[in-house]
**Q** 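Please find one structure pasted underneath; my questions will follow.
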Amino acid sequence: MNKNSSHSSVEQVTNNATSWLGHHPRENKDIGRGQTFVAHTEGDVESIEVYTNIVSRPGNVVMTIHSFDPQQKSWGPTLGSANVDFNQSDNGKWKAFNIPSLHLNKGESYGFRLESQDSYIGVGEAAGSAKQPPFSAGQEWHFTPGNSKADAYSYFSLAFKVDIKS
């Protein structure tokens with residue numbers, strides 16, 4: 001492999017359901033989504049991509065990357081972040097969040113969170129079951145205001161790709 005070549009460290013590309021994030025239009029609350037994963041290879045992050053099923057309300061989405069402790073199920077401090085604008089032309093496409101200066105270590109757990117205060121977006125996800133989870137190396141997370149403990153689901157996984165340069 002060439003030095004500085006880009007490849008996927010980890011990905012889950014099945015998309016058979018939709019997970020909503022952003023400012024819910026009727027309930028007047030913000031909904032965040034997240035995904036944990038284990039880095040399969042070491043390298044510097046080029047981008048983290050999510051699949052956009054539908055942009056109901058265009059706006060800006062913030063992605064933050066964190067270290068993650070799978071035993072304690074706890075999110076560490078923010079390691080990096082990126083802002084990306086979404087609009088209707090993004091329906092059915094992969095959207096990249098470019099995260100500069102972020103290094104992933106092979107075998108370590110990380111997580112990304114997606115939040116927005118002005119948009120409402122359906123991102124792709126894989127729905128499985130407790131007996132057949134779609135992604136065994138992480139969980140999908142749901143964050144809501146006022147809920148100090150986020151909810152994690154092993155039988156759901158966001159559709160995502162972590163592209164790194166090694």
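This is a predicted model, so every value here is computed, not measured. Residue numbers start at 1 and run along the sequence shown. FYI, side chains are in, hydrogens and waters are out, and symmetry mates aren't considered; it's all heavy atoms of this structure.
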**Q** Determine yes or no for a side-chain-to-main-chain donor-acceptor pair under 3.5 angstrom, with Arg33 supplying the side chain and Trp20 the backbone.
**A** yes
**Q** Going by heavy atoms in the side chains, are Thr14 and Pro134 under 4.5 Å from each other?
**A** no
**Q** Tell me which pairs pass salt bridge (Lys or Arg N to Asp or Glu O under 4.0 Å) where either residue lies in residues 72-94, with sequence neighbours left out.
**A** Asp90-Lys95
**Q** Taking the side chain as every heavy atom from C-beta outward, state whether Ser67 and Pro77 have any pair of such atoms under 4.5 Å apart.
**A** yes
**Q** Tell me the salt bridge (Lys or Arg N to Asp or Glu O under 4.0 Å) pairs involving residues 52-63, sequence neighbours left out?
**A** none
**Q** Mind jotting down which residue pairs meet the side-chain hydrogen bond (donor to acceptor under 3.5 Å, both in side chains) criterion with at least one end in residues 124-135? Sequence neighbours excluded, please.
**A**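 For residues 124-135: none.
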**Q** Look only at the side chain of Gln35 and the backbone of Phe37, and say whether a donor-acceptor pair between them is shorter than 3.5 Å.
**A**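 Looks like no, no N/O pair under 3.5 Å.
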**Q** First locate atom CD of Glu27, then atom OG1 of Thr144, and finally report the distance between them rounded to the nearest 0.5 Å.
**A**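 Glu27 CD to Thr144 OG1: 10.0 Å, rounded to 0.5 Å.
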**Q** Let me see the working for His103 and Asp44 under side chain to side chain donor-acceptor pair (under 3.5 Å), right down to the final yes or no.
**A** CA-CA 4 Å; His103 187 81; Asp44 295 326; 2.8 Å; yes
**Q** Please determine whether residues Trp141 and Ile48 belong to a single hydrophobic cluster, defined as Ile, Leu, Val, Met, Phe, Trp and Tyr linked transitively by side-chain heavy-atom distances below 4.5 Å.
**A**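 Per the 4.5 Å side-chain linkage, Trp141 and Ile48 are not co-clustered.
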**Q** OG of Ser47 to CG of Asp163: how many Å apart, nearest 0.5 Å?
**A** 4.0 Å
**Q** Where is the tightest heavy-atom contact between Ala82 and Ile99, given as atom of each residue plus distance?
**A**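 In this case the closest contact between Ala82 and Ile99 is CB-CD1, 3.8 Å.
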**Q** Looking at NZ of Lys29 and CZ of Arg26, how far apart are the two atoms once the value is rounded to the nearest 0.5 Å?
**A** 12.5 Å
**Q** Please tell me whether Asn53 and Asn15 have a donor and an acceptor in their side chains that are separated by less than 3.5 angstrom.
**A**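 Yes, because at least one side-chain N or O of Asn53 sits under 3.5 Å from a partner of the opposite role on Asn15.
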**Q** Output, in order, the C-alpha distance, side-chain angles, deciding distance and verdict of side-chain contact (heavy atoms from CB on, under 4.5 Å) for Val84 and Val61.
**A** CA-CA 5 Å; Val84 173; Val61 176; 5.5 Å; no
**Q** Please check if any side-chain donor atom of Ser157 sits under 3.5 Å from a side-chain acceptor atom of Glu140, or the reverse.
**A** no
**Q** Check whether Asn16 reaches the backbone of Ala127 with its side chain - one donor and one acceptor, N or O, closer than 3.5 Å.
**A** yes
**Q** Can you list the residues that meet the ring pair (Phe, Tyr, Trp, His ring centres under 6.0 Å) rule with His66, with sequence neighbours excluded?
**A**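 Applying ring pair (Phe, Tyr, Trp, His ring centres under 6.0 Å) to His66 gives Trp75.
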**Q** What closest approach, in Å, do His7 and Thr41 show between heavy atoms, and which atom pair accounts for it?
**A**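 Closest approach of His7 to Thr41, heavy atoms only: NE2-OG1, 3.5 Å.
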**Q** Stepwise, does the side-chain contact (heavy atoms from CB on, under 4.5 Å) test hold for Gln117 with His23?
**A** CA-CA 5 Å; Gln117 296 180 349; His23 188 75; 5.7 Å; no
**Q** Between Thr36 and Phe135, what is the shortest heavy-atom contact and its length?
**A**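 Minimum heavy-atom separation between Thr36 and Phe135: O-CE2, 3.6 Å.
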**Q** Same cluster or not: are Phe156 and Ile121 linked, directly or through other Ile, Leu, Val, Met, Phe, Trp or Tyr residues, by side-chain heavy atoms under 4.5 angstrom apart?
**A** no
**Q** Between Ser116 and Asp118, does any side-chain donor sit less than 3.5 Å from a side-chain acceptor?
**A** yes
**Q** Check step by step if side-chain contact (heavy atoms from CB on, under 4.5 Å) holds for Phe97 and Val50.
**A** CA-CA 8 Å; Phe97 290 80; Val50 294; 3.8 Å; yes
**Q** Are the side chain of Ser8 and the backbone of Lys161 linked by a donor-acceptor contact shorter than 3.5 Å?
**A** no
**Q** As a quick check of understanding, evaluate side-chain contact (heavy atoms from CB on, under 4.5 Å) for Ile164 and Leu104, giving each step before the final call.
**A** CA-CA 8 Å; Ile164 64 166; Leu104 300 183; 4.2 Å; yes
**Q** Do any N or O atoms from the side chain of Asp69 and from the backbone of Gln72 form a donor-acceptor pair under 3.5 angstrom?
**A**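 At least one qualifying donor-acceptor pair exists.
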**Q** Can you get from Met63 to Val55 by hopping between Ile, Leu, Val, Met, Phe, Trp and Tyr side chains that sit under 4.5 Å apart?
**A** yes
**Q** Check ring pair (Phe, Tyr, Trp, His ring centres under 6.0 Å) between Tyr51 and all other residues, then give those that pass, not counting sequence neighbours.
**A** Trp94
**Q** In Å and rounded to the nearest 0.5 Å, what is the CG to OG distance from Asn87 to Ser119?
**A**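 If I round to the nearest 0.5 Å, the distance is 11.0 Å.
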**Q** Taking the side chain as every heavy atom from C-beta outward, state whether His24 and Tyr120 have any pair of such atoms under 4.5 Å apart.
**A**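 They are in side-chain contact.
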**Q** Could you state whether Leu158 and Phe86 fall into the same hydrophobic cluster, counting links through intermediate Ile, Leu, Val, Met, Phe, Trp or Tyr residues with side-chain heavy atoms under 4.5 angstrom apart?
**A** yes
**Q** Leu114, Val10: one ILVMFWY side-chain cluster at the under-4.5 Å cut-off?
**A** yes
**Q** For Gln88 versus Ser56, what's the shortest heavy-atom pair and its separation?
**A**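 The answer is NE2-O, 3.7 Å.
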**Q** Less than 4.5 Å apart, side chain to side chain, heavy atoms only: is that true for Gln139 and Tyr153?
**A**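 They are not in side-chain contact.
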**Q** Taking all non-hydrogen atoms of both residues, which atom of Pro133 and which atom of Ser154 are closest, and how far apart?
**A** CB-O, 3.3 Å
**Q** Tell me, please, which residues at least two apart from His40 pass ring pair (Phe, Tyr, Trp, His ring centres under 6.0 Å).
**A** none
**Q** Roughly how far apart are Asn60 CG and Asn83 CG, rounded to 0.5 Å?
**A** 4.5 Å
**Q** Locate the shortest heavy-atom distance separating Tyr110 from Ala39; write the atom from each residue and the value.
**A**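 Result for this residue pair: CE1-CB, 4.1 Å.
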**Q** Any ion pair linking Arg113 and Glu115 (charged N to carboxylate O, less than 4.0 Å)?
**A**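 Judged by the 4.0 Å cut-off on N to carboxylate O distance, Glu115 and Arg113 do form a salt bridge.
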**Q** Working to the nearest 0.5 angstrom, can you tell me the gap between Asp151 CG and His142 NE2?
**A**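 Separation between the atoms: 8.0 Å.
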